[in-house]
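Given the structure is predicted, the values throughout are model-derived calculations rather than measurements. All values below come from the heavy atoms of this structure, side chains included, with hydrogens, waters and symmetry mates left out. To find a chain, count down the sequence lines: A is the first, B the second, and so on, and within it residues start at 1.
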2 protein chains.
Amino acid sequence: MATINDVARLAGVSKATVSRVINNSAKVNEETRAKVLYAIEKLGFRPQFSAKALAHSKKQFRIAISLSKRMELIKDSNDEIGQFYGIILKEIKGMATIYGINVKEILLESPEKGYDGYILIGGDVTKEILNNYKIFKKPIILLDHYILGEKIDSISPDSFTGAFYAVNYLIKKGMKHIVHIHGPLNSYGFKSRYNGYTEAMISAGLTPVYYEYDDINNNIDIVLKKIIETEIPEAIFASNDMTAIRIMDELKKYNIKIPDDISIIGFDDIPRAKKYKPSLTTVKVFKQEMGNMAFKRLYELMLNENTHPVRISLYTEFVKRKSTR
Amino acid sequence: MATINDVARLAGVSKATVSRVINNSAKVNEETRAKVLYAIEKLGFRPQFSAKALAHSKKQFRIAISLSKRMELIKDSNDEIGQFYGIILKEIKGMATIYGINVKEILLESPEKGYDGYILIGGDVTKEILNNYKIFKKPIILLDHYILGEKIDSISPDSFTGAFYAVNYLIKKGMKHIVHIHGPLNSYGFKSRYNGYTEAMISAGLTPVYYEYDDINNNIDIVLKKIIETEIPEAIFASNDMTAIRIMDELKKYNIKIPDDISIIGFDDIPRAKKYKPSLTTVKVFKQEMGNMAFKRLYELMLNENTHPVRISLYTEFVKRKSTR
DNA sequence: TTGTAAGCGTTATCAT
DNA sequence: ATGATAACGCTTACAA
């Protein structure tokens with residue numbers, strides 16, 4: 001277990017010098033550098049991240065969190081943002097405080113230079129937007145999103161598995177006519193839930209039925225009308241809890257009983273899901289943990305640790321409540 | 001940025017006591033505990049992982065790495081294990097040395113109690129085997145594997161995307177008749193590559209053609225014969241480099257020219273891929289980084305940090321060499 | 001250009 | 001039951 005001290009001793013220099021060599025943080029005589037490099041090689045030394053991080057802990061980093069225009073729009077009409085991204089945001093800011101790091105919220109569509117790292121939130125990030133951040137040459141995290149082909153660190157819930165098991169729950173209850181109402185599929189999360197639903201249906205020999213719902217126009221009444229006009233399905237699996245709740249609101253107008261006439265499942269487990277009558281069966285997304293991991297990962301990257309980009313999926317949890325049989 | 005010192009000061013105790021409260025590591029008077037808890041709450045204190053890890057760095061952990069019987073079997077007939085898992089293993093052991101942690105290799109099928117953490121390697125881990133490890137109640141990492149429905153930390157390459165882009169490369173070259181030779185699909189990695197291939201083919205309007213290859217019986221000659229008997233495809237995408245190399249060996253016997261008559265793509269980028277004539281076009285899996293991440297994640301878990309289980313996928317990289325047009 | 005030494009936030013040993 | 005203090009491995013003023 002070679003430490004910087006061992007290297008220093010073998011190379012016959014001080015550990016400060018070793019540190020300088022490792023980090024290229026100051027001029028070092030070529031001969032000295034060679035000696036140090038040799039010792040590092042010889043001992044198989046690799047700096048320990050914890051020690052590095054600790055020593056850095058008073059360093060003043062600045063990070064930016066980017067939220068899209070669309071979120072700002074929706075924010076006014078309902079509390080979707082607060083119930084989901086709000087929790088994530090709070091965690092990130094909390095972690096930042098602990099680590100003594102400055103956080104600024106900026107508009108996703110207007111990238112601002114000058115931060116040590118960026119967390120881009122939600123499914124509105126496109127390749128084009130991303131490119132405008134890449135040019136800053138600073139670490140970037142996609143939170144609750146992923147873009148195929150982009151080697152950018154990404155943190156998201158395991159939507160596929162979550163959806164798969166939720167729909168399977170309905171199937172095991174003997175239901176066959178299960179429809180999926182989903183948000184825009186350019187959002188990776190929605191797309192994965194869509195895929196999870198599809199996979200569950202197909203492998204059970206059932207026919208998937210999809211309806212798209214646009215949360216900006218909030219056209220759930222129209223969508224639902226269309227669904228009901230043909231036949232009331234046994235269950236609806238919605239892309240997220242907000243949508244599920246709106247569906248239930250609408251269903252009440254038609255005097256359709258939940259869960260007796262129809263079962264509803266959402267996704268996210270926002271606080272409201274539990275309070276609503278009937279309480280909403282859903283797939284819990286670990287929002288706080290997502291925020292935490294996003295922060296930690298960004299912190300690692302800012303300290304140049306483990307820089308190979310990764311995609312992190314957090315396991316979800318099926319939560320049975322009153323909206324399903 | 002509250003530290004343990006701030007908490008101690010506010011609670012009017014020493015930081016040693018605060019530490020005892022946080023970790024439940026020793027008896028603490030109920031009143032004192034209450035004061036400390038209050039201070040923690042008030043200040044929003046959360047211990048900093050780096051500091052914790054550093055302080056723990058002399059603690060003697062013991063971890064086990066489990067390799068399957070099948071790997072032992074294959075190991076004799078070729079160097080597949082060394083070329084792929086060998087690199088991963090080496091990295092894990094290297095990290096362990098740095099962290100002063102003891103590593104023992106054990107047989108996957110014979111779980112041994114008494115370690116502080118386990119890394120289970122490869123696609124041979126079944127739910128049943130996993131259960132025998134779970135009862136130890138110690139952190140477990142699945143390396144290069146994932147089991148649907150099991151909430152166990154998992155590290156693997158992003159095989160789907162890797163395969164998708166590799167096959168797309170061939171498609172863009174104008175090829176239409178591309179077959180996939182894959183290993184056992186209970187291995188998550190093989191399954192994902194299979195899915196990536198399928199997705200690429202289907203979305204290009206092409207028909208996927210699959211052949212399974214069993215690396216224990218090493219029946220590549222039979223498989224290849226079957227393929228050629230009908231028609232020589234324009235390209236073969238193999239589940240991994242070892243298989244691709246065997247295919248090329250076999251192809252030479254038929255005097256079929258690579259890449260003129262047929263293009264070959266593998267997966268993994270094992271050292272041999274580069275040396276082989278013709279050098280093998282492949283998808284690079286970051287083996288060392290995988291080992292590194294597996295170790296780090298296990299270490300976190302052993303220190304009770306960030307315990308929510310996650311799936312980590314490492315981005316891959318397409319490497320164009322001479323075996324493709 | 002290099003070395004000395006303080007300091008980062010925890011844990012753990014040893015007193016009390 | 002609690003406190004004082006050394007130690008963990010590294011970075012970074014400040015000195016030389």
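- Between the P atom of dT11(C) and the CG atom of L54(B) lies a distance of 11 Å, rounded to the nearest Å.
- Not counting sequence neighbours, the partners of S19(B) by the side-chain hydrogen bond (donor to acceptor under 3.5 Å, both in side chains) test are N23(B).
- Evaluation of the side chain to side chain contact (heavy atoms under 4.5 Å, CB included) rule for K15(A) yields I4(A), N5(A), A8(A) as partners, not counting sequence neighbours.
- Interface limits on DNA chain D: the 5'-most and 3'-most nucleotides within less than 4.0 Å of chain A heavy atoms are dG9(D) to dA13(D).
- Residues passing the side chain to side chain contact (heavy atoms under 4.5 Å, CB included) test with K59(A) are H56(A), F61(A), sequence neighbours excluded.
- Straight-line distance from the NZ atom of K35(A) to the C1' atom of dT2(C): 10 Å, rounded to whole Å.
- Using a 4.0 Å heavy-atom cutoff across all strands shown, F49(A) reaches no nucleic acid atom at all.
- When the side-chain hydrogen bond (donor to acceptor under 3.5 Å, both in side chains) test is applied to N306(A), the partners found at least two apart in sequence or on another chain are N292(B), K296(B).
- Using a 4.0 Å heavy-atom distance criterion, Y99(B) is classed as making no nucleic acid contact.
- Partners of R62(A) under the side-chain hydrogen bond (donor to acceptor under 3.5 Å, both in side chains) rule, at least two apart in sequence or in another chain, do not exist in this structure.
- Ring-centre distance between F295(B) and Y99(B): below the 6.0 Å cut-off.
- Rounded to an integer number of Å, the gap from CD1 of I40(B) to P of dT10(C) is 10 Å.
- K52(A) places its NZ atom 20 Å from the C1' atom of dT10(C), with the value rounded to the nearest Å.
- Where the helix from dT1(C)-dA16(D) to dT16(C)-dA1(D) starts and where it ends, the local axes point in directions that differ by 40°; five pairs per end, rounded to 10°.
- Residues of residues 14-30 of chain B that place a heavy atom closer than 4.0 Å to DNA chain D, in numerical order, are S14(B), K15(B), A16(B), T17(B), R20(B), K27(B), V28(B), N29(B).
- Spacing between atom CD1 of I4(A) and atom P of dA5(C) amounts to 17 Å, rounded to whole angstrom units.
- With sequence neighbours excluded, the residues satisfying side-chain hydrogen bond (donor to acceptor under 3.5 Å, both in side chains) with Y146(A) are T161(B).
- Distance CZ (R9(A)) to P (dG3(C)): 14 Å, rounded to an integer number of Å.
- For residues 43-54 of chain B, the pairs satisfying side chain to side chain donor-acceptor pair (under 3.5 Å) are E91(A)-R46(B), with sequence neighbours left out.
- Remark: P139(A) engages L298(A), L301(A), M302(A) in a side chain to side chain contact (heavy atoms under 4.5 Å, CB included) (not counting sequence neighbours).
- Within the nucleic acid shown, R46(B) comes within 4.0 Å of sugar-phosphate atoms alone, with no base atom in reach, counting heavy atoms only.
- Classification of D158(B) and R311(A) as a salt-bridged pair holds, one side-chain N sitting under 4.0 Å from a carboxylate O.
- Residue pairs meeting the salt bridge (charged side-chain N to carboxylate O under 4.0 Å, His left out) criterion with at least one partner in residues 19-40 of chain B, sequence neighbours excluded, are E30(B)-R33(B).
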